[in-house]
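Here is the naming used below: chain letters follow the sequence lines, and residue numbers restart at 1 for every chain. We use all heavy atoms of the structure for the numbers below, so side chains are in, but hydrogens, waters and symmetry mates are not.
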Amino acid sequence: MQDELRARIVLDEAGPAPGTGHVTGVDVAYDDERDVVAAAAVVLDAATLRVVAEATAIGRISFPYVPGLLAFREIPTVLAALDALDRPPGLVVCDGYGLAHPRRFGLASHLGVLTGLPTIGVAKNPFTFAHAGPDTPRGSAAPLLAGTEEVGRALRTRDGVKPVFVSVGHRTGLDNACAHTLALTPAYRLPETTRRADALCHRALREATGQPEPGTHQSFGRPVD
DNA sequence: GCGACAG
DNA sequence: ATCTTGTCGC
């Protein structure tokens, strides 16, 4: 299926200019025990990084995590969240890869082809591509190489901090994808889009399952004296 | 055959 | 992704 759909990726568009229009982050959280998945889509104003729209969707886990097949696990619920938005998403920033994929069709490319939207992938970990460590300062980058082809970049978004791994999804160029990623990281390693979507899908999952009770999402809660 | 392997 | 503690740094 990936080999089929790959032909529909549009690579001759530079994509939206960084800092203009809207940028949307999508992310998914799981509760394997209860077989529940929650997705979130958060639309930011690209210039101010302020949230202008949000939407979530709840579903059942329909596919296991298999390296290389992440899209089949995450996309159904992500599509539902995007559909629930009350305005166009603009550029969509995914957790994971686009072209930097064993078959050149990662999550970001898959989502782009299904929706027709411009997409990029920003992953936290390298997949199976060789890359040198980018220089220390923020903005430094090193190519992700599939043989001789540059399928993405290891991009430093904070001085001296582990880089993120950027690749093109659909209807966007790699230089532009990296420029967007830098515009979305004024304070943290990960894009604001990813951070907002991550927080929202965890909140939605918790509200849908009504499990933990601790204070803030990622905290462990105060020990009882 | 074995290890690696986005989230 | 999820679970989970201590700890280093600003």
N/O to N/O distances under 3.5 Å, protein versus nucleotides 4-7 of chain B:
unit_1, atom_1, unit_2, atom_2, d
B:dA6, OP2, A:Y65, OH, 3.2
B:dA6, N7, A:G68, N, 3.1
B:dA6, N6, A:G68, O, 3.1
B:dA6, N6, A:L69, N, 3.4
B:dA6, N6, A:L70, N, 3.2
B:dA6, N6, A:H101, NE2, 3.4
B:dA6, N1, A:L107, N, 3.2
B:dA6, N3, A:Y97, N, 3.1
B:dG7, OP1, A:K124, N, 2.7
B:dG7, OP2, A:N125, ND2, 2.6

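Exactly one residue among A:T193, A:T24, A:V23 makes a side chain to side chain contact (heavy atoms under 4.5 Å, CB included) with A:V43. That residue is A:T24.
Listed by first residue number, the stems of DNA chain B with at least three Watson-Crick or G-U pairs below 3.5 Å amount to none.
Between A:L91 and A:H180 the shortest side-chain heavy-atom distance falls below 4.5 Å. Counting heavy atoms from C-beta outward, A:T181 and A:V164 have side chains that approach closer than 4.5 Å. A:R153 places a side-chain heavy atom less than 4.5 Å from the side chain of A:D175. The side-chain heavy atoms of A:H131 and A:P126, taken from C-beta on, include a pair separated by under 4.5 Å.
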Encoded 5' to 3' (Watson-Crick or G-U under 3.5 Å; [ ] crossing; | other strand), DNA chain C becomes ..........

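One can place CZ of A:R158 at 18 Å from P of C:dG9, the figure rounded to the nearest angstrom.
The aromatic rings of A:F129 and A:Y97 sit perpendicular to each other, their planes meeting at more than 60°, with 30° as the lower class boundary.
Here the side chain of A:H202 pairs a donor or acceptor atom with the backbone of A:D198 at under 3.5 angstrom.
Under 3.5 Å, the side chains of A:R138 and A:T185 contain a donor-acceptor pair of N or O atoms.
No more than 12 heavy atoms of other residues, nucleotides or ligands sit less than 6.0 Å from atom OH of A:Y188. Around CZ of A:R196, the count of heavy atoms belonging to other residues, nucleotides or ligands within 6.0 Å does not exceed 12.
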